[in-house]
Amino acid sequence: MKIKDIAVSAAALMVIGGAVTAALAGTNALTAGTIADRMAETENAARLQVIDADSFEEQTLDDGGTSIVYYRAVKDGQTAGYVFTTVTTGKSGGLTVMTGLRTDGTVSGVMVTSDNETAGYVDKVRKAGLLDSFKGREAAAGFRLGETVDGVSQATKTSRGIIEGVDKAARLFEACRKEAMS
């Protein structure tokens, strides 16, 4: 091949690459708002599954130098409770657990919003009733596998991860309550 042929081919690839990059950037710019709105709707729908509320207000809590984002649930103009999202590790790693807590300190609901667990483990835990077993329980007592909450057989590590996520949410709730009192 001649140098001229190589230069023409390189220039053509550069123009094609630039055009594709520009098209992707333009598409991203045009759809960013829509994507953000849909994400917010999805997250709000998940929050509604763990606590009954009319709306949610984003709040932050300083947890030993780390800023934690949580949501205040509002029902009929009053604080109905709070929603905390925690990330823990189960069998495979990466469990995202959303926990709703009422103002009286009881759990209103728990759900797994994302996981990297072995296929079927979260479903097994859900079907066995682990997530529902938290409802109405006092957060202040904390939650520990085998002591305050029974795990699900053949999904013990997934159960442990979920229980640890709910326990962390309970501790954050107590820290939030103390911060509000001061």
Side-chain angles (χ1 to χ4, degrees), residues 28-29 31-90 92-117 121-123 125-126 129-145 147-149 151 157-182:
N28 186 49
T31 60
T34 303
I35 291 169
D37 290 345
R38 288 195 180 150
M39 274 298 264
E41 288 174 16
T42 300
E43 290 172 0
N44 208 41
R47 287 184 207 103
L48 286 169
Q49 289 185 29
V50 297
I51 194 165
D52 183 29
D54 298 326
S55 63
F56 297 94
E57 297 174 2
E58 186 175 305
Q59 308 282 309
T60 57
L61 173 69
D62 180 37
D63 184 38
T66 303
S67 185
I68 305 293
V69 174
Y70 66 99
Y71 290 84
R72 183 172 78 96
V74 178
K75 179 77 173 174
D76 299 326
Q78 302 292 319
T79 300
Y82 303 91
V83 177
F84 295 91
T85 301
T86 56
V87 178
T88 65
T89 302
S92 302
L95 272 170
T96 304
V97 180
M98 185 178 286
T99 306
L101 293 131
R102 295 182 196 93
T103 54
D104 67 359
T106 59
V107 176
S108 58
V110 174
M111 73 179 292
V112 175
T113 59
S114 172
D115 73 87
N116 291 325
E117 295 296 278
Y121 278 42
V122 172
D123 287 335
V125 167
R126 190 178 291 117
L130 178 65
L131 302 180
D132 291 332
S133 72
F134 292 101
K135 288 182 183 178
R137 304 218 16 217
E138 281 288 327
F143 302 99
R144 286 166 303 288
L145 177 65
E147 293 176 36
T148 58
V149 182
K157 291 179 181 178
T158 302
S159 298
R160 175 178 283 117
I162 292 169
I163 293 166
E164 287 174 358
V166 175
D167 186 61
K168 183 175 181 180
R171 286 184 278 123
L172 291 170
F173 172 77
E174 291 302 322
C176 180
R177 190 187 316 207
K178 287 177 185 172
E179 186 176 277
M181 294 172 134
S182 56

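The first residue in the sequence is number 1, and the count goes up from there.
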Leu172 vs Leu101 side-chain heavy atoms within contact, under 4.5 Å:
no
Once you measure the plane-to-plane angle for Tyr70 and Phe84, does it fall in the parallel (<30°), tilted (30-60°) or perpendicular (>60°) bin?
parallel
Just verifying a value: how many Å separate Gln49 CD and Met98 CE, rounded to the nearest 0.5 Å?
9.0 Å
Judged by atom type as modelled, is there a donor-acceptor pair below 3.5 Å linking the side chain of Arg160 to the main-chain atoms of Gly90?
no
Look at atom CZ of Arg38 and say whether more than 12 heavy atoms of other residues, nucleotides or ligands are closer to it than 6.0 Å.
no
How far apart are the closest heavy atoms of Asp167 and Gly142, and which atoms are they?
OD1-CA, 3.3 Å
Can you name the closest pair of heavy atoms from Phe173 and Gly105 and give their distance?
CE2-CA, 3.5 Å
Which atom pair, heavy atoms only, marks the closest approach of Ala53 to Lys75?
CA-CD, 4.1 Å
Smallest heavy-atom separation, Leu95 atom then Val122 atom, equals CD2-CG2, 4.1 Å
Please say which of Thr86, Ile68, Val97 ends up in a side chain to side chain contact (heavy atoms under 4.5 Å, CB included) with Lys168.
Thr86
Check whether any side-chain heavy atom of Asp52 lies under 4.5 Å from a side-chain heavy atom of Ser108, and answer yes or no.
no
Given the rule in the side chain to side chain contact (heavy atoms under 4.5 Å, CB included) test, do Leu130 and Val110 qualify, once you have shown the distances and angles that lead to the verdict?
CA-CA 9 Å; Leu130 178 65; Val110 174; over 6 Å; no
Under a 3.5 Å distance rule, please check whether Asp54 uses its side chain to pair with a backbone N or O of Asp76 as donor and acceptor.
yes
If every non-hydrogen atom of Ala170 is compared with every non-hydrogen atom of Ala139, which pair is closest and at what distance?
CB-O, 3.5 Å
Roughly how far, to the nearest 0.5 Å, is OG of Ser133 from CD1 of Ile162?
9.5 Å
Validation row: Phe56, Leu48 side chains within 4.5 angstrom (heavy atoms):
yes
Taken to the nearest 0.5 Å, the spacing of Glu164 CD from Lys157 NZ works out to 12.0 Å
dist Ile163:CD1 -> Thr88:OG1 (nearest 0.5 Å) comes out at 10.0 Å
Arg47 charged N/C atom sitting above Tyr71 aromatic ring, 6.0 Å / 45°
yes
Using the side chain to side chain contact (heavy atoms under 4.5 Å, CB included) rule, take Tyr82 and Ile51 through it: C-alpha gap first, then chi angles, then the decisive distance, then the call.
CA-CA 8 Å; Tyr82 303 91; Ile51 194 165; over 6 Å; no
Determine, for Arg177 against Glu174, whether the closest basic-nitrogen to carboxylate-oxygen distance falls under 4.0 angstrom.
yes
Is there side-chain contact between Asp115 and Tyr121, with heavy atoms separated by less than 4.5 Å?
no
Is there a side-chain contact between Arg137 and Thr148 (heavy atoms, below 4.5 Å)?
yes
